[in-house]
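Contents: one structure, followed by commentary.
As a basis for the values below, the full set of heavy atoms in this structure was taken, side chains included, without hydrogen atoms, waters or symmetry mates.
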Amino acid sequence: MKKSLLIIMTAALFVACQKEETFVSSTEESLIVTGNCNTETRTAFGTPSSTEIPYKWSGGDYIWLGNNKSSVIAEECTLAQFEFKGGTAIVGTGHIFYNMTGLAKSAKVLSSQSADGNLGNDGDFGYATLDEYNSFYLEHKTAYVWFDTKSNDANMPKLRSITLATEGVEIAGDRIYDFANGDWDNTITSGSSTITLNFEGGKQLQSANEGVMAAMVVLPAKVRGTKLTVTYTFEDESTFTEVKTPSKNFESGATQRISTTIALADLTKPEPYELRILTFEDQDVKFSPYTLDYAGVEITKWSELIDNPPYGGPLTYGDYTTTAYTWWDKGNTELCHTFPNNYAYCFWGGGHAISNYWGEGWSDEDRDKHIAKYYGEDYVAENAGNDQMLGWFNLQLMIPVEAYSGSNFAVHYGYKDHYSYIENLPEISFGDDVARVIDHMRVTNTNYTLNQLYNGVKSEAGNTFGGNWEGLTEDAWMKIVAYGFDDVEADAYAEPISEVEFYLVQGENVVTDWQKWDLSGLGAVKKVRFNFLYSDEMGGRYGFTIPGYFAYDDIAVRFEK
């Protein structure tokens, strides 16, 4: 938009003006500059047309003459007089700037703006030079987005904010206008790809276009063909989000209009809770340091709970007769776990061990390759042909993909069936004895389990241990079941108050990557136990044929707001 502005020296403070673009020093104590807006120039909204927003001068506006700042005007008007103090000391260059957020030549577009109708306070920027008649056209150098947001629902809550986000294109920040070249400098400092427009006290949406609802200042930016995400947030915390693909860039002086009609049914209601996530990552440690006495190890972060080697290590297979491997996400999800006592506190009796071991593939060849990685080539050579030494239990803490987030995850081992010697199933509980809803966790199979599922349980004695297992068929299934309890002290024979399940195997479909397991169906519980159930062909004379392992990561717990 190109707006006219006439500069006139008042008669009482008459000064001579040369035709070149300079001012002669005033002979008086002050210099008065009068701006004629032609009703369309500045920061107060006028009645919009179909393509642009007209403006007026707003109370509190000021301009720059070179690096000299004028006094502010008192009220909204179409004809404004700006006074520069110390007239005899002012030797202007003829360059006029409109900028209320920084120095004269630097536009500072804010990433948090106020929808009070005065764009100047948020980074609006204009520039002009005098012509031979001491008049000029004020050119807007920032760009603008006009929000024409409506609703036909009388019960629509008030709008609290509008957030505009680009795909990494900076639309806010400090940028210098190079008036010598008539263009912007290429450098943006304190840049942001997001701008939020705030409505103090909330804004009731109109049912029709009754005027300009709100506009925001943006830096000129190449956004054509990209995605602009617009999020409307209301006073009851509900939101409405839309994605726009602009057909043109944000250009100096130009306004892009975003028209939206929002129905009450379109709003996304906020959840009445926050989700806290247990990631098992060192940077997310909440617990205080503690000692695993039997191993003589102080635990200060999650990675110090990872055993080395993964089978037979000092943490999960140490002096396990009196004390146990344990962890507690204290101060975050409050979830905790201790190896159950099944004749001893040891991973062969079940538990949840922290791991970061992963490697693709689960064939015997893959196994030897992974063992060489973690145990060394000499170990493989020395134990060649020794199935017991090179069995997959050496890599029982390994999964076929990286952790769902970060590097670490947990591995569950343990099941209870008609033959199992296990009395106490592994469990997680809330260490502060408060019942909560566990929203979900991410789960996957381990390499050890996958090896047996695809290759069978091998035995030189006629595969008797493997029972009926002849490989995956359409009738095969294996699932993990979570049982919820409302008493953290519930013993091994207590009845659960709820249960949910997740299939790791359904016919020939086997989980080999991370899947989301919804645990919210358990309701508010104080602890959860896990077990395996399986189809008949997975059970042999000694019970469960397949190793009872699964891995989990990123457990989400609901905390009421």
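From Thr279, atom OG1 reaches atom CG of Asn408 across 8.0 Å, with rounding to the nearest 0.5 Å. Note that the CG atom of Asp553 and the CE atom of Met441 stand 10.0 Å from one another [nearest 0.5 Å]. Rounding to the nearest 0.5 angstrom, the gap separating the CD1 atom in Ile546 from the CE atom in Met478 is 7.0 Å. Rounding to the nearest 0.5 Å gives a distance of 6.0 Å between CG of Leu292 and CG of Leu305.
Between Phe544 and Tyr534, the ring center distance clears the sub-6.0 Å criterion. Taking the six-membered ring wherever Trp is involved, the centroid distance between the rings of Phe530 and His352 falls below 6.0 Å. Taking the ring centroids of Tyr448 and Tyr549, they lie under the 6.0 Å cut-off. Residues Phe339 and Tyr325 bring their aromatic ring centres within 6.0 Å. Note: Trp327 and Phe280 meet the aromatic proximity criterion, with ring centroids under 6.0 Å apart.
Counting only distance, with no hydrogens or angles, the side chain of Asn249 and the backbone of Val223 share a donor-acceptor pair below 3.5 Å. Side chain of Asn424 to main chain of Asn341: a donor-acceptor pair is present (N/O by atom type, distance under 3.5 Å, no hydrogens or angles). For Lys222 (side chain) and Val169 (main-chain N/O), no donor-acceptor pair under 3.5 Å exists by modelled atom type. For Thr446 (side chain) and Ile399 (main-chain N/O), no donor-acceptor pair under 3.5 Å exists by modelled atom type. At least one donor-acceptor pair closer than 3.5 Å links the side chain of Asn531 to the backbone N or O of Lys416. Remark: side-chain polar atoms of His370 are paired, donor with acceptor, to backbone N or O of Glu360 under 3.5 angstrom. Between the Lys373 side chain and the Asp368 main chain, no donor and acceptor come within less than 3.5 Å of each other. Distance alone, capped at 3.5 Å, is enough to place a donor-acceptor pair between the Gln204 side chain and the Met156 backbone. No donor-acceptor pair closer than 3.5 Å links the side chain of Ser151 to the backbone N or O of Leu205.
For Glu242, the CD atom sits in a packed shell: over 12 heavy atoms of surrounding residues, nucleotides or ligands are nearer than 6.0 Å. Counting non-hydrogen atoms of other residues, nucleotides and ligands closer than 6.0 Å to CD of Gln283 gives a total above 12. Summarising the local packing, OH of Tyr419 is surrounded by 12 or fewer heavy atoms from other residues, nucleotides or ligands at distances under 6.0 Å. Around OH of Tyr232, the count of heavy atoms belonging to other residues, nucleotides or ligands within 6.0 Å exceeds 12. Surrounding NZ of Lys244 are more than 12 heavy atoms belonging to other residues, nucleotides or ligands, all under 6.0 Å away.
Annotation: side chain to side chain donor-acceptor pair (under 3.5 Å) contacts involving residues 497-507, sequence neighbours excluded, comprise Lys479-Glu501. Listed by first and then second residue, the side chain to side chain donor-acceptor pair (under 3.5 Å) pairs involving residues 481-496 are Glu423-Tyr493 (not counting sequence neighbours).
Legend: residues meeting side chain to side chain donor-acceptor pair (under 3.5 Å) with Gln515, ordered by chain and number and at least two apart, are Asp513.
Note on Lys269 versus Asp236: salt bridge recorded, some NZ/NE/NH1/NH2 to OD/OE distance being below 4.0 Å. A salt bridge is absent between Glu560 and Arg558; no separation between the charged side-chain nitrogens and carboxylate oxygens falls under 4.0 Å. Taking a cutoff of 4.0 Å between a charged side-chain nitrogen and a carboxylate oxygen, Lys227 and Glu167 do not qualify as a salt bridge. Ion pairing between Glu237 and Arg160 holds under the 4.0 Å rule for side-chain N and carboxylate O. Checked for salt-bridge contact, Asp148 and Lys150 meet the test: a charged N lies under 4.0 Å from a carboxylate O.
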Please test Ile262 against Leu267 for side chain to side chain contact (heavy atoms under 4.5 Å, CB included), starting from the C-alpha separation and ending with a verdict. CA-CA 8 Å; Ile262 305 175; Leu267 300 184; 3.8 Å; yes
For Val505 and Met538, run side chain to side chain contact (heavy atoms under 4.5 Å, CB included): C-alpha distance rounded to whole Å, both residues' side-chain angles, the deciding distance at 0.1 Å, then the answer. CA-CA 11 Å; Val505 177; Met538 291 189 188; 4.2 Å; yes
Between Phe393 and Trp348, is a ring-ring contact (aromatic ring centres under 6.0 Å, His included) present by the stated rule, with each step listed? CA-CA 10 Å; Phe393 53 77; Trp348 51 251; over 10 Å; no
Let's go through Asn394 and Tyr379 carefully: what are the C-alpha distance in whole Å and the side-chain angles of both, what is the deciding distance for side chain to side chain contact (heavy atoms under 4.5 Å, CB included) to 0.1 Å, and is it a yes or a no? CA-CA 12 Å; Asn394 279 277; Tyr379 182 91; 3.5 Å; yes
Apply side chain to side chain contact (heavy atoms under 4.5 Å, CB included) to the pair Ser192 and Glu170, showing each step before the final yes or no. CA-CA 5 Å; Ser192 174; Glu170 293 176 312; over 6 Å; no
Show your reasoning for whether salt bridge (charged side-chain N to carboxylate O under 4.0 Å, His left out) applies to Arg276 and Glu274. CA-CA 7 Å; Arg276 297 186 190 177; Glu274 66 167 315; 3.7 Å; yes
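Donor-acceptor pairing under 3.5 Å is recorded for the side chains of Thr333 and Asp329. Checking Asn152 against Ser207 by side-chain atom types alone, no donor-acceptor pair falls below 3.5 Å. A side-chain N or O of Asp518 and one of Ser520 form a donor-acceptor pair less than 3.5 Å apart. Residues Asp554 and Ser405 bring a donor and an acceptor atom of their side chains to less than 3.5 Å of each other. Looking at Thr163 and Thr196, their side chains do bring a donor and an acceptor atom within 3.5 Å of each other. Counting only N and O atoms by type, the side chains of Arg442 and Thr444 include no donor and acceptor under 3.5 Å apart. No hydrogens or angles considered: nothing links the side chains of Ser114 and Asn198 as a donor-acceptor pair under 3.5 Å. Donor-acceptor pairing under 3.5 Å is lacking for the side chains of Gln452 and Trp392.
In this structure, Phe532 and His412 have tilted ring planes: the angle between them lies in the 30° to 60° band. Ring-plane geometry between Phe550 and Tyr552 is classed as tilted, the angle between the planes lying from 30 to 60 degrees on a 0 to 90 degree scale.
Here the shortest heavy-atom pairing between Asn447 and Gly361 reads ND2-O, 2.8 Å. Here the shortest heavy-atom pairing between Thr149 and Gln206 reads O-CG, 4.1 Å. Considering every non-hydrogen atom in both Ala556 and Ile277, the closest pair reads CB-CD1, 3.4 Å. Summarising the geometry of Asp282 relative to Ser303, their closest heavy-atom pair is OD2-OG, 2.8 Å, with the distance given to 0.1 Å. Nearest approach of Thr233 to Thr239, heavy atoms of both residues: OG1-CG2, 3.8 Å. Contact detail for Val488 and Ser429: the closest heavy-atom pair is CG2-CB, 3.9 Å.
With Pro289 as the fixed residue, the side chain to side chain contact (heavy atoms under 4.5 Å, CB included) test singles out one of Glu298, Glu304, Lys301: Glu298.
For the pair Phe199/Ile162, a side-chain contact is recorded, criterion being any heavy-atom separation below 4.5 Å from C-beta on.
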